[in-house]
Amino acid sequence: MKQKIYLVLILFSTLLFAQQKKVETSIDVKKNKIGAQFNLTLKTNVDTISKVVFPNLKNFGKLEVIRSYKVDTISKGDRYELIKKYGLTQFDSGKYTIPSLVVKINNMPFQSDSISVEVSNVVVDTLKQKMFDIKPIAEVASDFSTFWKYVFILLFVLVIGALIYFLLKKYQKKKIAEEAIKTPIEKATTLLQTLEKKELWQKGEVKAYYSELTDIARNYIEEALEIPAMESTTSELIQGLRAASIRKKMTLSQEILDNLERVLQQADLVKFAKSKPLDYEIAEDKNKIEKAIVVLDRSIPVEIAEDDTAKWEEMKRLQKLKKQKRTRILTAIGFVVGAILGVFLFFIMTKGFDYVKDNIIGRPTKELLEGQWILSDYGTPSITVETPSVLVRTDISKQFPKETLATLKELKFFVYGSFQSNFYIALSTMKTKQETEVDLKISLEATINGMGGQNVVFNTSEFQTKEGSSGLKGFGTMIKLDPILKKSTKLYFDVLVFNEDGGLQQIMVFHEEGDKYAEQIAERVFQSIEFKKATE
């Protein structure tokens, strides 16, 4: 019988940490007015082939779901981050708990964290309140940590604003450059590339292809040589080109003019006589047009205006002014960032890094320790324990073999937090159908060895509650590996085991090593433990 109990413990511990925790839970505010909206967020990180089903309920506990937002999907390499948001409300004042919700990933259930919220009343009848004289103006003591939080938020907003400004300016410059007046040869080259990307003749639209091809050539000739090419017939255009070459002293070969004339005549046949050239003929005509445009552009003599030097000097002066302005802005941003870093370093050197982390950056366990604690009963036999938030019951019976469950009379499991978030409280009670004396030392070792951590180092000591119940305490460190982020974290753990009323009870607290606030939480939790004897 004892061997079966220890097997249950090993399975229990293994499943406890194997199923943690693929669902992150957060809420925008924990205290709101009647009818105001709480925004609950469930987040999970899965591979690209996983199927995720978020809860679709009208109520989460006693809070009404007034809006269910669409799932946001963020691609992170070969994984997806899925974010589901809900809008919740309650029209009665009081304290409520958003229960643990089931998110199915590949048909496997995963639990979200429960969250306690408070709905406060809105006082509208001032006649029922006591009236007091107007108080004199009182000086409010400055909250140093809060002040610096706002300062850093302001500086952060300024840095983000400056970054957005630079990106917008860069985009505008790029857009202006793209929209700037291009030379005729640049226009023609760009239009020819765009025409090829359309693949008109490959799709059978030969007439449209030749029409655009010849329009590109005619437009170039009209802009570059000032010949009315768009209104001229093919023969008139060729005659105009010959006249322009003599007038502008251009060196044009007869071959170029002949090739251009043949392509224009071919285009006339396609457009008006429904001629259908072969594929290789179309490709040759396109190459002839490109060559003719390039040769024409190279043949045009370059005329240097008298005021080019002055324009060049003015352009250099404007560029220098822009560079100086950009340098000043970057210097200002560098100064702001340097000031932020300087303030951080100043407080780290004078107050220590823990002070900066606690009062400026913030530490979740500090908020838990200083928040409102809850005293409640859990399991059978009933354990009274005080925790910084309510522990949520989780059904893990489906994870055990039927033969193992057949030996159990009671199996209850309650959790707060997540093993993946580096702060975790778990409480479990187990009772067999046949009362058996359990070796607490073996039970404790089975639990610790089943955690799934690496480099586990621990010691044991006796533990006694204020009411005199005796148990065994295991405490030590372990390395937790995160397969997604590919990093390791050193955790400190405390595990208590008891053998009350013929059952086995366990309470565990995990947190990052060196977190003094988490250590105080664990101490307060363990000091509050009381057992209530089961009544027949």
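Keep in mind that what you see is a predicted model, and the values were worked out from it rather than measured.
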Please step through side chain to side chain contact (heavy atoms under 4.5 Å, CB included) for the pair Ile74 and Tyr80, ending with a clear verdict.
-> CA-CA 6 Å; Ile74 300 175; Tyr80 285 153; over 6 Å; no
Test side chain to side chain contact (heavy atoms under 4.5 Å, CB included) applied to Lys441 and Leu472, step by step = CA-CA 7 Å; Lys441 184 176 181 180; Leu472 192 62; 4.0 Å; yes
Start with the C-alpha gap between Asp92 and Val119, add the side-chain angles, then the distance that decides, and say whether side chain to side chain contact (heavy atoms under 4.5 Å, CB included) holds.
-> CA-CA 7 Å; Asp92 290 325; Val119 179; over 6 Å; no
Check step by step if side chain to side chain contact (heavy atoms under 4.5 Å, CB included) holds for Tyr96 and Glu118.
-> CA-CA 6 Å; Tyr96 300 89; Glu118 183 177 352; over 6 Å; no
Under the ring-ring contact (aromatic ring centres under 6.0 Å, His included) criterion, do Tyr86 and Phe60 qualify, and how do the steps go?
-> CA-CA 10 Å; Tyr86 300 88; Phe60 290 168; 5.0 Å; yes
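The structure places OG1 of Thr460 at 7.5 Å from CD of Glu445, a figure rounded to the nearest 0.5 Å. Taken to the nearest 0.5 Å, the NZ atom of Lys516 stands 10.5 Å off from the CG atom of Leu369. Atom CD1 of Ile479 and atom CD of Glu513 lie 8.0 Å apart (nearest 0.5 Å). Once rounded to the nearest 0.5 Å, the distance linking NZ of Lys480 with CZ of Phe510 reads 11.0 Å. Between the NZ atom of Lys473 and the CG atom of Leu440 there is a distance of 15.0 Å, given to the nearest 0.5 Å. Going from atom CD of Glu386 over to atom CD of Glu530 covers 10.5 Å, rounded to the nearest 0.5 Å.
For the pairing with Phe463, the side chain to side chain contact (heavy atoms under 4.5 Å, CB included) check across Asp494, Leu496, Ile507 returns one residue only, Leu496. Ser114 pairs with exactly one of Thr25, Val390, Ile98 by the side chain to side chain contact (heavy atoms under 4.5 Å, CB included) rule, that one being Val390.
The minimum heavy-atom distance linking Leu88 with Leu63 is given by the pair CB-CD2, 4.0 Å. The two atoms that bring Ala518 and Phe423 nearest to each other are CB-CE1, 4.0 Å, heavy atoms only. When all heavy atoms are compared, the tightest approach of Ser470 to Gln464 is OG-NE2, 3.7 Å. Taking both residues in full, the closest heavy atoms of Leu40 and Ser26 are given as CD1-O, 3.4 Å, listed atom of the first, atom of the second, then distance. The shortest heavy-atom contact between Ile521 and Thr365 is CD1-O, 3.6 Å. Here the shortest heavy-atom pairing between Ser112 and Val23 reads CB-CG1, 3.9 Å.
When atom types are taken as modelled, the side chain of Asn106 and the backbone of Met108 share no donor-acceptor pair closer than 3.5 angstrom. Side-chain atoms of Gln505 come within 3.5 Å of backbone N or O of Glu500 as a donor-acceptor pair. In this structure, Thr429 contributes its side chain and Gly379 its backbone to no donor-acceptor pair below 3.5 Å. Remark: side-chain polar atoms of Asp439 are not paired, donor with acceptor, to backbone N or O of Ser443 under 3.5 angstrom. Of the possible polar contacts, none joining the Asp501 side chain to the Gly503 backbone as a donor-acceptor pair under 3.5 Å is found. Under the 3.5 Å distance criterion, the side-chain polar atoms of Arg79 are matched with a main-chain donor or acceptor of Asn45. For Thr327 (side chain) and Lys323 (main-chain N/O), a donor-acceptor pair under 3.5 Å exists by modelled atom type.
For residues 58-68, the side chain to side chain donor-acceptor pair (under 3.5 Å) pairs, not counting sequence neighbours, are Ser68-Lys84. Legend: ring pair (Phe, Tyr, Trp, His ring centres under 6.0 Å) pairs involving residues 376-395, not counting sequence neighbours, sorted by first then second residue: Tyr378-Phe414.
Asn32 meets the side chain to side chain contact (heavy atoms under 4.5 Å, CB included) test with Val29, Ala36, Phe38; sequence neighbours excluded. In this view, Tyr492 and His511 satisfy the ring-ring contact (aromatic ring centres under 6.0 Å, His included) rule, not counting sequence neighbours. Residues forming a side-chain hydrogen bond (donor to acceptor under 3.5 Å, both in side chains) with Glu81 (at least two apart in sequence, or on another chain): Lys76. Take Glu462 and apply the side chain to side chain contact (heavy atoms under 4.5 Å, CB included) test, not counting sequence neighbours, and it matches no residue. Checked against side-chain hydrogen bond (donor to acceptor under 3.5 Å, both in side chains), Lys95 has the following partners two or more places apart in sequence or in another chain: Gln372. Residues forming a side-chain hydrogen bond (donor to acceptor under 3.5 Å, both in side chains) with Gln37 (at least two apart in sequence, or on another chain): Asn39, Tyr69. Not counting sequence neighbours, Lys85 has no partner by the salt bridge (charged side-chain N to carboxylate O under 4.0 Å, His left out) test. For the side chain to side chain contact (heavy atoms under 4.5 Å, CB included) test, residues two or more places apart in sequence or in another chain that qualify with Ser389 are Ser116, Tyr416. Residues satisfying the side-chain hydrogen bond (donor to acceptor under 3.5 Å, both in side chains) test with Arg393, not counting sequence neighbours, are none. In this structure Thr44 satisfies the side chain to side chain contact (heavy atoms under 4.5 Å, CB included) test together with Lys22, Val46, Val52, Phe54, Leu82, Ile105, sequence neighbours excluded.
Relative ring orientation between Phe498 and Phe531 is described as perpendicular, the plane-to-plane angle rising above 60° on a 0-90° scale split at 30° and 60°.
Ion pair Glu512/Lys490 not flagged as a salt bridge, since none of the NZ, NE, NH1 or NH2 atoms sits closer than 4.0 Å to an Asp/Glu carboxylate oxygen.
Side-chain contact between Val392 and Asp113: absent, with no pair of heavy atoms (C-beta onward) separated by less than 4.5 Å. Residues Asn455 and Val457 fail the side-chain proximity criterion, which asks for heavy atoms closer than 4.5 Å.
Residues Ser100 and Gln111 have side chains that bring a donor and an acceptor to within less than 3.5 angstrom of each other.
Other residues, nucleotides and ligands place more than 12 heavy atoms under 6.0 Å from the CD1 atom of Ile160.
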